[in-house]
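Structure, as C-alpha cells:
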Amino acid sequence: MPSLSRRTFATCLAAAPIAAAQQPSPNPSVPSPQKRQGTVDGILPFQDPVRFTRKDVPAKVQPFPMTQVRLLPSALLEAAEWNRGYMSRLPADRLLHSFRLNAGLPSNAEPLGGWEVYVAPTPGQRPNSQGELRGHFIGHFLSASAQLYASMGDKEAKAKGDLMVAELAKCQQKLGPSGYLSAFPIEWFERLDARKPVWAPFYTIHKIMAGMLDMYQLAGNRQALEVLEGMSRWADDWSASKSEEHMQDILETEYGGMNEVLYNLAATTGDGRWARAGDRFTKKRFFNPL
C-alpha cells in the first residue's frame with residue numbers, strides 16, 4: 001500500500017462527508033439490513049458460551065527485556081528518578097495497613113488517605129463509597145517496584161516489593177484457604193453478586209494480581225506467583241458458581257482487567273484453568289462487536 005501521511009489522512013477524513021453527500025440516495029423500496037447492537041454476524045450475546053480453546057501462536061516480534069534498556073540523561077530519566085524518590089518515601093507499613101486490618105492482623109501504621117482511606121466495615125450497610133477502592137494502589141506499587149528493578153537495577157525497590165509480597169502472603173493465609181486477598185471484606189463481592197451498589201472490587205483485585213505477576217516476571221519473586229495463583233483460584237471458584245447470564249450481568253457493573261491478568265497467568269504457567277476463568281470475565285456485549 002502507498003504510504004499515507006498525517007496531512008493526507010486528515011484531508012481524506014475532511015472530504016469524507018462531502019463524498020458521502022454526493023452518493024445517490026438509497027432506494028426507499030429496498031429495506032436496509034438491520035444489525036442488532038452487540039452482535040457479531042447475528043450471534044446474540046447469550047446464544048453461545050465463551051469457551052477456551054488453546055491455540056499457541058508464535059510471537060513474530062518481542063520487546064527488548066527491560067533489563068536490556070537504560071534511559072540516558074534526559075527529562076525522561078529525571079522523571080523516572082522523581083518517581084523512584086516518591087516511591088522510596090512511602091513506608092511499607094502504611095501501604096499494608098488496610099490489608100492487615102482486613103485480615104485481622106495488628107497494625108499501628110498511620111493510615112493512608114484518599115482512595116486508600118480505611119473505613120471500618122459496616123455489615124449490611126453502605127453509607128457511601130468512601131474507601132471502596134482501598135488496596136488497588138499497592139498493586140500499582142508492586143508493578144512499579146518490579147519495573148524499577150528491571151529497568152534501573154534498583155535493589156532497594158525490589159527488596160521493598162519482596163517485603164510487601166511476603167506480608168501480603170501472611171494476610172492471604174490469615175483470610176483462609178480460599179486464596180482471597182484484599183484490603184476490604186469479601187462482603188463487597190456479595191454486594192456485586194446481589195447487584196447492589198459497590199465500587200469496583202474486581203478492578204481493585206486486578207491491580208493487585210497484576211502487581212504480583214510483575215513481581216514474579218520482572219523481579220523473580222516466586223512467592224508472588226504463589227499468591228497470584230491463590231487469588232486466581234478464588235476468582236475462578238467465585239465466577240464458576242454463577243450462570244453465564246448472571247456473570248454477564250455482573251460485568252455490566254465492572255470487571256477491571258480480570259480476563260487480561262488471568263490470560264497472562266495462563267500463558268506464563270501453561271495452565272489452561274486460568275484462561276477458562278478469564279473467559280468468564282469476558283464481557284460479550286463489549287467484545288462481540290470487536
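These numbers were taken from a predicted model, which means no experiment stands behind them.
Partners of N108 by side chain to side chain donor-acceptor pair (under 3.5 Å), not counting sequence neighbours: none found.
In this structure, Y203 is not a member of the same hydrophobic cluster as W234, with clusters built from ILVMFWY side-chain heavy atoms closer than 4.5 Å. Note on M164: it clusters hydrophobically with V227, by side-chain heavy-atom contacts below 4.5 Å among ILVMFWY residues.
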For this session: Could you please spell out the steps behind the side chain to side chain contact (heavy atoms under 4.5 Å, CB included) verdict for E116 and H136?
Result: CA-CA 8 Å; E116 290 296 320; H136 83 282; 3.3 Å; yes

* To do: May I have the step-by-step check of side-chain hydrogen bond (donor to acceptor under 3.5 Å, both in side chains) for S239 and R280, ending in yes or no?
  => CA-CA 7 Å; S239 59; R280 296 192 205 104; 3.0 Å; yes

Practice problem: Using the side-chain hydrogen bond (donor to acceptor under 3.5 Å, both in side chains) rule, take Y118 and N102 through it: C-alpha gap first, then chi angles, then the decisive distance, then the call. | Solution: CA-CA 9 Å; Y118 180 80; N102 187 58; 6.0 Å; no

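For F202, the CZ atom is densely surrounded, since the number of other residues' heavy atoms within 6.0 Å is greater than 12. By the 6.0 Å contact criterion, CD on E81 is enclosed, its count of non-hydrogen atoms from other residues, nucleotides or ligands being greater than 12. Shown here is K196, whose NZ atom has no more than 12 heavy atoms of other residues, nucleotides or ligands within 6.0 Å.
Side-chain polar atoms of H206 and E260 form a donor-acceptor pair below 3.5 angstrom. Side-chain atoms of T269 and Y216 include no donor-acceptor pair closer than 3.5 Å.
Between the R134 side chain and the G131 main chain, a donor and an acceptor come within less than 3.5 Å of each other. Between the side chain of K158 and the backbone N or O of A219, at least one donor-acceptor pair lies under 3.5 Å. Within the 3.5 Å criterion, the main-chain N or O of G179 finds a donor-acceptor partner in the side chain of Q172. Of the possible polar contacts, none joining the S129 side chain to the E132 backbone as a donor-acceptor pair under 3.5 Å is found. Side-chain atoms of R195 never come within 3.5 Å of backbone atoms of R191 as a donor-acceptor pair (strictly under, hydrogens ignored).
Between Y86 and F137, the ring-plane angle classifies as perpendicular under the 30° and 60° cut-offs. Relative ring orientation between F189 and F184 is described as tilted, the plane-to-plane angle lying within the 30° to 60° band. In this structure, W199 and W115 have perpendicular ring planes: the angle between them is above 60°, well past the 30° mark.
Distance CD/E226 to CE/M212: 11.0 Å, rounded to 0.5 Å.
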